[in-house]
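What follows is a short report on a single structure.
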2 protein chains.
Amino acid sequence: MQKIPHSTVQRLVLCYSLAQKALTRGDMYLRSQDIAALLQVDETQIRKDMAIVGIGGVQKRGYPVHRVVQRLEELFAVRMEKLAALIGVGNLGRALLNYPGFAKYGVRIVCAFDRDPEKVGREVNRVFVYPIEALGEVIPRFGVQMAILAIPPHSAQEVADALVALGVRGIWNFSSALLRVPREVAVRNECLESGLLLLLHKMWGENHVSFPKE
Amino acid sequence: MQKIPHSTVQRLVLCYSLAQKALTRGDMYLRSQDIAALLQVDETQIRKDMAIVGIGGVQKRGYPVHRVVQRLEELFAVRMEKLAALIGVGNLGRALLNYPGFAKYGVRIVCAFDRDPEKVGREVNRVFVYPIEALGEVIPRFGVQMAILAIPPHSAQEVADALVALGVRGIWNFSSALLRVPREVAVRNECLESGLLLLLHKMWGENHVSFPKE
DNA sequence: TAGATTGTTAATCGATTAACAATC
DNA sequence: TAGATTGTTAATCGATTAACAATC
């Protein structure tokens with residue numbers, strides 16, 4: 001199959017969530033028109049996206065919800081169980097541990113790591129916290145495939161290198177560090193600082209006068 | 001000034017973080033080549049981005065770090081004090097309250113809201129938690145300009161409508177709901193579910209066979 | 001049948017990259 | 001001066017939108 005454009009994947013993520021909602025509502029079909037309105041894009045775009053991943057529609061009805069859900073679950077590999085490690089059990093890390101979204105998408109956090117001796121040796125949400133030095137022993141033991149990085153940026157690259165060396169295939173990076181990893185390792189940057197700055201730009205960016213604090 | 005393309009703004013966010021780092025290191029200049037390598041884009045792109053926002057470089061040296069920082073602080077309005085409300089004091093909300101990034105960019109959370117009577121009336125990190133019903137009274141009293149939405153998706157639109165009616169100009173949306181707001185209100189979606197699915201796609205997407213759990 | 005929808009090809013638009021001029 | 005860099009214009013590439021055919 002041809003490579004799926006990244007912009008298409010982004011829209012399909014949203015389609016997936018819409019399709020799940022439609023499924024619980026009991027709707028049989030989703031029309032490109034309605035999806036497009038919610039995503040605020042052109043409806044042709046949605047039809048093209050569907051075609052790209054091989055989801056066919058039915059004239060006068062729309063796209064069969066169950067087929068959309070099925071195909072997109074395949075595309076996002078949500079029915080496959082994925083074992084994950086959480087690195088950094090700070091405020092954000094703990095919030096992620098309690099996050100209901102993971103289980104829903106087949107991600108199971110099986111171990112956590114922290115540098116702080118206060119946190120090491122305890123359980124958070126039934127997940128044991130290991131010292132960061134134990135990475136090399138614990139990651140292979142559990143067969144961890146992906147890591148969630150919720151640590152300060154200064155040590156992020158070092159930890160990422162270790163994770164990659166241990167065979168981790170994907171990193172969900174909440175630090176502001178720009179990680180360098182081999183091509184075959186997937187990284188998703190979820191830097192909140194960046195998100196905040198993008199919002200601030202939308203709010204006050206461009207042609208405005210910025211008043212200094214003092 | 002012409003409209004700044006969104007892709008340019010995204011790169012400039014990263015440039016800002018690099019420039020700050022360079023500033024603390026004491027570097028005088030940043031070369032487009034080096035920035036490009038870290039961002040993994042073409043160096044011409046960086047020069048174009050700089051030109052678009054009016055940052056001029058110096059031949060044989062690069063871009064003066066202090067000017068980059070200064071101009072981008074203006075672009076992201078970070079020196080301006082922005083009063084924010086946190087809606088939803090769950091795990092994620094509490095993590096955000098303790099988040100050091102906010103103060104750094106001039107965002108001050110002045111009040112928090114929750115539906116849970118258990119949480120209402122208490123202080124979290126020196127911020128008072130109001131009942132969600134008090135939104136209409138409290139938001140104008142504090143002069144809140146932006147809101148951080150960390151609530152479940154089903155009530156997100158309703159709360160967003162209320163916030164917009166109260167004059168809030170920007171919403172940092174951590175829920176998975178796709179909010180509909182008037183054009184003049186800025187929204188940044190920070191839906192973690194979406195981020196996770198994008199990572200899963202990169203890891204196992206495309207031409208793979210997905211093994212069901214059972 | 002008429003109308004509403006999907007599906008596809010062509011046109012447009014915008015973003016990235018290449019080529020090279022300018023200059024310290 | 002030669003070389004390294006910025007700056008800019010032109011070429012390419014990819015994504016979006018428009019037009020319209022196909023069909024239930």
Side-chain angles (χ1 to χ4, degrees), chain A residues 1-15 18-19 22 27-72 75 198 201-202 205-206, chain B residues 1-15 18-19 22 27-72 75 198 201-202 205-206:
Chain A
M1 183 186 284
Q2 53 166 330
K3 189 182 177 315
I4 304 171
H6 187 247
S7 48
T8 290
V9 179
Q10 284 182 304
R11 283 186 296 267
L12 289 174
V13 167
L14 302 177
C15 289
L18 293 179
D27 294 355
M28 297 294 282
Y29 296 94
L30 262 175
R31 300 182 312 154
S32 59
Q33 216 178 104
D34 297 334
I35 300 174
L38 288 161
L39 268 60
Q40 304 190 60
V41 298
D42 192 280
E43 53 176 299
T44 311
Q45 190 74 83
I46 300 300
R47 292 203 285 274
K48 210 164 222 178
D49 291 340
M50 293 295 185
I52 286 172
V53 294
I55 299 173
V58 180
Q59 270 105 342
K60 289 202 67 171
R61 304 228 191 289
Y63 294 87
V65 169
H66 76 277
R67 281 186 55 199
V68 174
V69 169
Q70 194 173 42
R71 179 67 185 99
L72 295 184
L75 195 74
L198 288 169
H201 170 74
K202 278 197 219 175
E206 327 261 318
Chain B
M1 184 185 281
Q2 51 165 333
K3 191 183 175 316
I4 304 171
H6 187 246
S7 49
T8 289
V9 179
Q10 284 183 304
R11 283 186 296 268
L12 289 174
V13 166
L14 302 176
C15 289
L18 293 179
D27 294 355
M28 297 295 281
Y29 296 93
L30 261 175
R31 300 183 312 154
S32 59
Q33 215 178 109
D34 297 335
I35 299 174
L38 288 161
L39 268 60
Q40 306 191 60
V41 298
D42 192 280
E43 52 175 300
T44 311
Q45 190 73 85
I46 300 300
R47 292 203 284 275
K48 209 162 221 180
D49 292 339
M50 293 295 186
I52 286 172
V53 294
I55 299 172
V58 180
Q59 269 105 344
K60 289 203 67 168
R61 304 226 190 289
Y63 294 87
V65 170
H66 76 277
R67 281 185 54 199
V68 174
V69 169
Q70 194 173 43
R71 179 68 184 99
L72 295 184
L75 195 73
L198 289 169
H201 170 74
K202 278 197 219 176
E206 328 261 318

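Since the structure is predicted, the reported quantities are computational estimates derived from the model, not experimental observations. Chain letters run A, B, ... following the sequence lines, proteins first, then strands; residues in each count from 1.
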Review point. B/Arg47 CZ to C/dC20 P: how many Å, rounded?
Key: 15 Å
Check your understanding: How long is the line joining CE of B/Met28 and P of D/dT5, in whole Å?
Key -> 17 Å
**Study point:** Heavy-atom pair with the smallest gap, counting every atom of B/Gln45 and B/Val41
**Key:** CB-CG2, 4.4 Å
Study note, to complete from the structure: Taken in chain and number order and not counting sequence neighbours, the residues that satisfy side-chain contact (heavy atoms from CB on, under 4.5 Å) with A/His66 are A/Pro64
Study note, to complete from the structure: Here the distance between atom C1' of D/dT17 and atom NZ of A/Lys48, to the nearest Å, is 8 Å
Can you give each donor-acceptor pair under 3.5 Å made by side-chain atoms of residues 50-61 of chain B, sequence neighbours left out, with the distance rounded to 0.1 Å?
none

Check your understanding: CD of A/Gln40 versus C1' of D/dT16: gap in Å, rounded?
Key -> 16 Å
Check your understanding: DNA chain D: B/Gly57 or A/Val41, which has the more 5' nearest nucleotide?
Key -> B/Gly57
**Study point:** Separation of atom CD in B/Gln45 from atom P in C/dA18, rounded to whole Å
**Key:** 11 Å
Please output the side-chain donor-acceptor pairs of residues 27-40 of chain B that fall under 3.5 Å, not counting sequence neighbours, one pair per line with the distance.
residue	atom	partner	partner atom	Å
B/Asp27	OD2	B/Arg25	NE	3.0
B/Asp27	OD2	B/Arg25	NH2	2.9
B/Arg31	NE	B/Asp34	OD2	3.1
B/Arg31	NH2	B/Asp34	OD1	3.0
B/Arg31	NH2	B/Asp34	OD2	3.4
B/Ser32	OG	B/Arg47	NH1	3.1

Check your understanding: Counting just side-chain N and O atoms, does B/Arg31 come under 4.0 Å of either OP1 or OP2 of D/dT5?
Key -> yes
Practice item. Please report the shortest heavy-atom distance between B/Thr8 and B/Ile4, naming the atom on each side. Key: CG2-CG2, 3.7 Å
Exercise for review: Compare side-chain N and O positions of A/Tyr63 against OP1 and OP2 of C/dG7 and report whether any pair is under 4.0 Å apart.
Suggested key: yes
What protein N or O atoms touch nucleotides 22-24 of chain D N or O atoms at under 3.5 angstrom, if any, and at what distances?
residue	atom	partner	partner atom	Å
D/dT23	O4'	A/Gln59	NE2	3.3

Review point. For A/Ile52 and C/dT6, what is the distance between atoms CD1 and C1' respectively, to the nearest whole Å?
Key: 15 Å
Check your understanding: Can you check whether B/Gln33 has a side-chain N or O nearer than 4.0 Å to OP1 or OP2 of D/dT5?
Key -> yes
Exercise for review: Would you mind reading off the distance between A/Glu43 atom CD and C/dT6 atom P, rounded to a whole angstrom?
Suggested key: 7 Å
**Study point:** Below 4.0 Å: OP1/OP2 of D/dT16 and any side-chain N or O of A/Ser7
**Key:** yes
Revision key, fill the gap. One should read off an interatomic distance between A/His6 NE2 and B/His201 NE2, to the nearest 0.5 angstrom, of 7.5 Å
Check your understanding: Looking at B/Ser32, does any N or O in its side chain come under 4.0 Å of the phosphate oxygens OP1/OP2 on D/dT6?
Key -> yes
**Study point:** Listed partners of B/Ser7 passing side-chain hydrogen bond (donor to acceptor under 3.5 Å, both in side chains), at least two apart
**Key:** none
Check your understanding: When the distance from CG of A/Asp42 to C1' of C/dA11 is rounded to whole Å, what number comes out?
Key -> 14 Å
Exercise for review: Sorted by first residue and then second, give each salt bridge (Lys or Arg N to Asp or Glu O under 4.0 Å) pair with at least one member in residues 48-58 of chain B; sequence neighbours left out.
Suggested key: B/Arg11-B/Asp49
Point to revise | DNA chain D base-pair string [pairs: Watson-Crick or G-U under 3.5 Å; |: paired with another strand] | key: ..||||||||||||||||||||||
